[in-house]
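Shown next, in structure tokens, is the structure this report addresses.
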Amino acid sequence: MGERVEPGETLGLCDSTGNSTGHHVHLDATPGGGIDPETFGVTGERVNPLELFADGYARAVGYDTQVFRRQILMESGWNPTAVSRAGAEGIAQIIPRWHPSMRGRTFDPFASLEYAANLMASHIAFRGGDYREALADYNTGRASRGKFRGEGYRYADWILKGLDMATSRELDDLRADRDRNHDRKLAALHHVGELVQAARRAGERAFRPEDWRAVVTAERFYHDPEGVG
């Protein structure tokens, strides 16, 4: 407990003892937990270690860890052996024919999680930070259209529900508002320019009231009563 381990260090060996179906290494994680000195039982809340690995892969590429966890839950329920009717395999539900570099590795949860995190980071960058579009890309592909794209949006909306993430519609509204304001600013500058030109043509006297000297005197008195005689 509390010991530091290094990458590549051997933590356990495969074997099959007790109530098991085959050779395996049992990996358990309890962040902030401990071992009861009397019962030798683990105290604290146990966490699926794959979730911690997923967090690490996501943080490494700047992908939101909470979104990634929800995505993997949606994809496979954290089952490294999951297979879909469409031929998607493993914990991240990767289809080998569309991702040839993952052939033979889709059922390796660590390879799949790292690949999925990197793939999502590329989609997010391609979509200018729009998580909804990026998640739809992961689910139905960047070139998807129509009803098929709609499936991707439903997938994304389930993952993003309740999270503080901008949707593509919100981003589109912000961009449209930005463009409208830009046009208004240009129009306002144009009118200001026209007004300045007209004022120059009219000359200074056109803007002085008949009693402008009294106005100036009153202004001076307001700022310095003692200095105005």
Side-chain angles (χ1 to χ4, degrees), residues 47-48 50-187:
V47 175
N48 182 351
L50 291 175
E51 294 182 14
L52 303 180
F53 280 99
D55 289 351
Y57 294 133
R59 279 194 293 267
V61 294
Y63 181 26
D64 187 277
T65 58
Q66 191 174 9
V67 176
F68 194 32
R69 285 194 182 201
R70 287 190 176 196
Q71 183 181 8
I72 297 303
L73 179 64
M74 180 70 165
E75 288 289 348
S76 67
W78 295 94
N79 180 6
T81 64
V83 178
S84 76
R85 288 178 295 179
E89 300 174 349
I91 197 169
Q93 288 294 275
I94 296 167
I95 300 178
R97 73 172 180 272
W98 301 126
H99 304 274
S101 65
M102 283 298 293
R103 285 175 182 163
R105 299 195 301 149
T106 53
F107 293 112
D108 177 341
F110 307 107
S112 290
L113 287 172
E114 184 175 21
Y115 183 83
N118 279 278
L119 181 59
M120 275 304 301
S122 71
H123 286 323
I124 293 167
F126 180 77
R127 295 296 181 179
D130 188 332
Y131 270 59
R132 186 174 188 248
E133 291 289 348
L135 285 164
D137 287 343
Y138 188 96
N139 185 248
T140 59
R142 288 182 183 176
S144 59
R145 297 289 184 272
K147 291 184 178 179
F148 188 47
R149 186 66 177 182
E151 293 179 13
Y153 288 139
R154 284 191 290 275
Y155 164 89
D157 290 341
W158 185 92
I159 293 170
L160 297 175
K161 185 178 181 179
L163 299 181
D164 186 19
M165 295 286 174
T167 65
S168 59
R169 184 178 296 106
E170 289 170 342
L171 289 172
D172 288 343
D173 290 344
L174 288 172
R175 293 184 185 114
D177 186 60
R178 175 203 62 193
D179 293 340
R180 282 195 300 271
N181 288 336
H182 180 68
D183 292 340
R184 289 172 182 170
K185 287 177 182 177
L186 289 178

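Residue numbers run from 1 in the order of the sequence given.
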- Query: If you round to the nearest 0.5 Å, how far is CG of Asn79 from CG of Leu73?
  - Reply: 11.5 Å

- Message: Working note: Arg149 + Asp137, criterion salt bridge (charged side-chain N to carboxylate O under 4.0 Å, His left out); need CA distance, chi angles, decisive distance, verdict.
- Response: CA-CA 8 Å; Arg149 186 66 177 182; Asp137 287 343; 2.9 Å; yes

- Message: Nearest 0.5 angstrom please: Met74 CE to Gln93 CD, how far?
- Response: 11.0 Å

- Please confirm whether the backbone N or O of Ala88 pairs with a side-chain atom of Ser84, one donor and one acceptor, at under 3.5 Å? yes

- Note on the structure: CZ (Arg145) and OG1 (Thr140) are apart, to the nearest 0.5 Å, by 9.5 Å

- Task: Please round to the nearest 0.5 Å and tell me the distance separating atom OG1 of Thr65 and atom CD of Glu51.
- Result: 10.5 Å

- At their closest point, which heavy atom of Ser76 faces which heavy atom of Ala82, and how far apart are they? CB-CB, 3.9 Å

- Spacing of OH belonging to Tyr57 relative to OG belonging to Ser112, to within rounding of 0.5 Å: 10.0 Å

- Specify the closest pair of heavy atoms between Trp78 and Ile91, including all atoms of both residues, with the distance to one decimal. CE3-CD1, 3.7 Å

- Task: Return the minimal non-hydrogen interatomic distance between Ala156 and Ala136, and the atom names on each side.
- Result: CB-N, 4.2 Å

- Task: Please identify each residue that fulfils ring-ring contact (aromatic ring centres under 6.0 Å, His included) with Tyr115, with sequence neighbours left out.
- Result: His99

- Please walk me through it: do Arg132 and Arg127 pass side-chain contact (heavy atoms from CB on, under 4.5 Å)? CA-CA 9 Å; Arg132 186 174 188 248; Arg127 295 296 181 179; over 6 Å; no

- Query: If you measure only the distance, is there a donor-acceptor pair under 3.5 Å linking the side chains of Tyr155 and Glu75?
  - Reply: yes

- Closest non-hydrogen atom pair, Ile159 against Gln71: CD1-CA, 3.7 Å

- Item | Steps toward side-chain contact (heavy atoms from CB on, under 4.5 Å) verdict (Leu50, Phe110) | CA-CA 8 Å; Leu50 291 175; Phe110 307 107; 3.8 Å; yes

- Across all chains, not counting sequence neighbours, the ring-ring contact (aromatic ring centres under 6.0 Å, His included) partners of Tyr63 are Phe68, Tyr131

- Message: Let me confirm one number: the OH-CD1 distance from Tyr138 to Ile124, rounded to the nearest 0.5 Å.
- Response: 12.0 Å

- For Thr106 and Pro96 the tightest heavy-atom approach is CG2-CG, 4.1 Å

- Message: Run Met120 and Leu135 through side-chain contact (heavy atoms from CB on, under 4.5 Å) and show every step you take.
- Response: CA-CA 7 Å; Met120 275 304 301; Leu135 285 164; 3.6 Å; yes

